[in-house]
Structure formats: C-alpha cells, structure tokens
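Keep in mind that the numbers below use all heavy atoms, side chains included, and drop hydrogens, waters and symmetry copies.
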Amino acid sequence: MPEEAVPEAAEKEAAAERDTRITFHNADHPRLARGRSNEARGRGDEGSRSRSRRRSMSRGSNMSRSELPASPYSGIQIEYRTLSINVAESRAIDTEESSTDLKGGAAGIKKDKADEDYFANLNYHELSTDQIAQQLNVSRADGLSDSMVANRQQRDGRNTLPKAKTNYWKKVLGYVFGGFCSVLWVGVVIFFVCWKPLSNPPSPVNLALAILVIIVIALQAGFSAFQDWSTQRTMKSITDLLPSEALVVRDGQTIKISATELVAGDIVHLQIGNKVPADLRILSHSGDIRFDRSVLTGESDEVEGAVDMTDQSFLESRNIALMGTLVVNGSGVGIVVLTGSRSVMGRIAKATASTEERPTLIQREIWRFVRIIVCLTIVLALLILFTWVGWLRRDHPAYMNVVAMLNNVMGCVVAFIPEGRQRPAQGPAP
C-alpha cells in the first residue's frame, strides 16, 4: 500500500504542474508557423490529432485551474481589538510607498515602535496579587508611608497629564497682524500719513479713519482669540475626565487625597460611580465590578473586571483598570502601577501634545483665498496709483490731489476685505 501511494502522489504533483504551466502553440506564433509550414503539411492527420489533443489539454487545464484551492490570503480573518491595535506596520507600509517624506516617516515609525514596545514590556497584569505588592514594595493592609510617597513623587512626578506648550506671543501677533489685518495696518499707516504731514492743516477725517480701522483690527483680533480659546477649551476637556480625589490607604488609614498626589504602589478603593484615577492592577473586587472604557476605545459595552490575567496584552487584560474609565457597577481594590504620562491616558495626551500643528484642508483653502484677495487688492491699488500718476496728475491736476488719491486707494482696499474672520483658526493636526 505505501508503495502504491507514492506513485499516486507523484502523478498528482505532475498533473498539478502541467495544469499551472503556460504553453505556447506553434499556430499562435507567426514566425514558427512560417518556419514549419511544410512540416505541418507533410504530417497531415497527425498534426490535426495533436492540435485536438492540445485543445483538450487546454480545456482540462482551465478546468483544473478553476478547481485549484483558493489562495490562503483571499480571505483574512479580522480581529477586533479595543486598545492594542498595532498601527506601526501599516504606517511602515505607507512610508515605504511614499518617497517624498522618508525622514519624517522613519521618525514616526520609531515613535510608534517605542510606544508598542513600552506596553509590550509591561508585565503587571501577569503577576499575582502578592507578587505585584512585593514588586512595588507595599503592604496591602497598610499601604505606603509618607517617606515612600515623597520619594516616589520625586522620582515619577505628579499624577497629571502632559499639556502642550503654547507660545502666547506668537498667537497674539498672529491675531493682530495675520491674514487681512496686515492690509488694514497698511491702511492705518496711510491714513496717519494723510493726516500729517500731507494735509495742511491736518485733516481730522483721516485721523478718524485711522482710529476706526484700528478699532476694527482690535475687534477682529478679539474675535479670533475667542474662537481659538473656545476650540482649545474643547480639546483640553480631556483633563476633566480625571477625578479630583481618590480614596487610598496610607500608613494603615483609609483617607481621601487629591488624585494628582497618587504614586505607584498606592492602594486605591474603587466604588460605583468613581473614575479610575490612575492605571490600577485589580487586587480584589465584589465579583460584579464593571468598567466603561468608551473614553479610550469608543465602545459602549461594559468590561468586567477580574483579578487574574485574561489576556497577554496589558491593554486588553481585564485585571487592569485604566485611568479615566468609569466604574459602572460593583466595587474593588487596586494598586497603582502607572501614573501621569506613563499611563495609557498619559501616553495618549503626550502624543497629542507633542503633535506638530499642521494646517487642515479648510485652513489651506482660507489662506489661498486670502492670497487671492490680497493680490487683487494690490493690483487695484497699483492701477489707481499709476492712473493718477500717468494721467490725472499731469492732465487734470486740480481734479485729485495726493491725499484724495490715497483715500480713494484705501477705500477700495478696505472694500475688498470681506467682513468677519480675518485669519483661519488654528487647530490640531489631523
């Protein structure tokens, strides 16, 4: 039996190889057809039989190809994860396809790889409750002492989320001189010049126009600042997701402290309705504790808490309570493992704060509109100026003097500027 199975397998492999091999017939190639025309005539019936065999083999090969198994890559199973989505590989592919931004792409891949390795190296969820307490050098019953808390705060910092640094001077200058305001400032200078020394005696009308344009610039700058402030307030609302107080055990006493004073190793008590103040490893719970992770994952389904590890990933294991999530049912006790910028929420806030601001599509379109309007304004102003210099000043000197000409130019320039926002709003990169 084994000896018969070997030739049978060999015949199947040979048949599969014949089916997948591409053959060219002499009749389809004009050069070979001309070179062997006499030989084809001499063979006669043999050539026709061979062509019929070829056609049958071609039909057989087509049928066999249709019966071949589908590629294993034709249907890829999709796995849905909540937090541990590996985006480094897809970004690496996009960077390889892009040949214009290799350096920036490489830096982004390194950053994503660092974040991936950071969470992959965490093993707090793999340790038992006694091991995690021993590793963090804390007693589950007594908690941390004041000296240990001071040392760890000095080492790790306060339990706060990182914030982006804002250059307020740059923003103020952008509000006052950005966009169409630059054109209005040119008008202010010209109106002041028309007030003194071009007008003799000084013209109060030009002075009033200069002051009026300054008031318009101030109003537009204030409106732009208010819009940016309201946008940044919405973006910074992530800090409102953190609780202000936490119930912890220190020196054997259960006390309430500010959530910003938490350090790694603190024993935290969680109750229904509480927000998790830091990344915790659950030590014990009431048996029905559940968390709402929608603030991080966007999923409305509640996640049940556990004491033992349920997943190899730190981000997916249900014995980890993540900062900012809400306790929707039950109660429990956890030990702080990550605080501040080292937590999952802190890494997200840090990535958001360190992102370079780039203009969005609507901002680029607004700046394009601004450039078009400014160019048309300059063309119109130059046209009026050259018309006055080349024609009116020479042929009709009494019709319009230099002050009247500048007033007309600035009237047309201000008329070109649309009402409303003078500069595009600044926002985070997409």
Side-chain angles (χ1 to χ4, degrees), residues 80-84 119 122-136 138-144 159 161 238-340 342-348:
Y80 293 95
R81 307 284 285 182
T82 57
L83 285 174
S84 56
F119 290 112
L122 297 177
N123 64 344
Y124 297 116
H125 60 296
E126 300 175 356
L127 303 177
S128 64
T129 56
D130 294 333
Q131 288 176 339
I132 190 67
Q134 183 179 2
Q135 179 174 340
L136 295 175
V138 61
S139 170
R140 295 178 56 180
D142 298 332
L144 297 175
N159 183 32
L161 298 179
I238 188 174
T239 57
D240 298 334
L241 301 174
L242 303 182
S244 58
E245 293 181 341
L247 190 64
V248 301
V249 178
R250 286 185 179 177
D251 288 329
Q253 297 180 355
T254 303
I255 58 175
K256 273 190 176 183
I257 64 171
S258 175
T260 59
E261 298 179 4
L262 287 176
V263 296
D266 267 327
I267 306 298
V268 180
H269 288 260
L270 298 175
Q271 297 176 353
I272 183 172
N274 293 155
K275 291 182 179 179
V276 181
D279 287 352
L280 308 179
R281 165 68 161 85
I282 299 177
L283 301 178
S284 63
H285 60 84
S286 59
D288 57 350
I289 189 171
R290 291 196 299 269
F291 298 95
D292 180 9
R293 288 187 172 185
S294 59
V295 65
L296 294 175
T297 65
E299 296 180 357
S300 59
D301 294 340
E302 300 171 357
V303 178
E304 294 184 1
V307 176
D308 299 326
M309 180 183 67
T310 60
D311 196 279
Q312 295 293 333
S313 172
F314 174 84
L315 301 173
E316 298 295 334
S317 185
R318 290 191 283 111
N319 63 349
I320 299 295
L322 300 176
M323 175 191 286
T325 57
L326 178 66
V327 182
V328 294
N329 192 58
S331 60
V333 178
I335 183 171
V336 177
V337 293
L338 297 174
T339 60
R342 300 186 299 120
S343 63
V344 176
M345 180 74 76
R347 301 288 287 193
I348 296 174

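- Not counting sequence neighbours, Ser244 has no partner by the side chain to side chain donor-acceptor pair (under 3.5 Å) test.
- Closest approach of Glu126 and Gln312 over heavy atoms only: OE2-OE1, 4.1 Å.
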Which side-chain N or O atoms in residues 251-259 pair as donor and acceptor under 3.5 Å with protein atoms at least two apart or in another chain?
from: Ser258; atom 1: OG; to: Thr260; atom 2: N; distance (Å): 3.4
from: Ser258; atom 1: OG; to: Thr260; atom 2: OG1; distance (Å): 3.0

Next on the checklist: Set out, in order, the CA-CA distance, both residues' side-chain angles and the distance that settles side chain to side chain contact (heavy atoms under 4.5 Å, CB included) for Phe291 and Leu326, then state yes or no.
Outcome noted: CA-CA 5 Å; Phe291 298 95; Leu326 178 66; over 6 Å; no
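- Counting heavy atoms from C-beta on, the side chains of Thr129 and Val307 come closer than 4.5 Å.
- Using a 4.5 Å heavy-atom cutoff, the side chains of Val333 and Arg140 are not in contact.
- The two residues Leu144 and Ala264 have their closest heavy-atom pair at CD1-O, 3.8 Å.
- The residues Arg250 and Asp266 are annotated as salt-bridged, a charged nitrogen and a carboxylate oxygen being separated by less than 4.0 angstrom.
- Leu315 and Arg293 get closest at one heavy-atom pair: O-NH1, 3.2 Å.
- Residues Val303 and Thr297 are not in side-chain contact: their nearest non-hydrogen atoms beyond the backbone lie 4.5 Å or more apart.
- Among all heavy-atom pairs drawn from Asp292 and Val328, the shortest one is CB-CG1, 3.7 Å.
- Asp279 places a side-chain N or O within donor-acceptor distance of the main-chain N or O of Met323, the cut-off being under 3.5 Å.
- Smallest separation of non-hydrogen atoms from Gly324 and Val295: O-CG1, 3.6 Å.
- Identified under the salt bridge (Lys or Arg N to Asp or Glu O under 4.0 Å) test for residues 322-333, with sequence neighbours left out: none.
- The minimum heavy-atom distance linking Ser343 with Gly340 is given by the pair OG-O, 2.7 Å.
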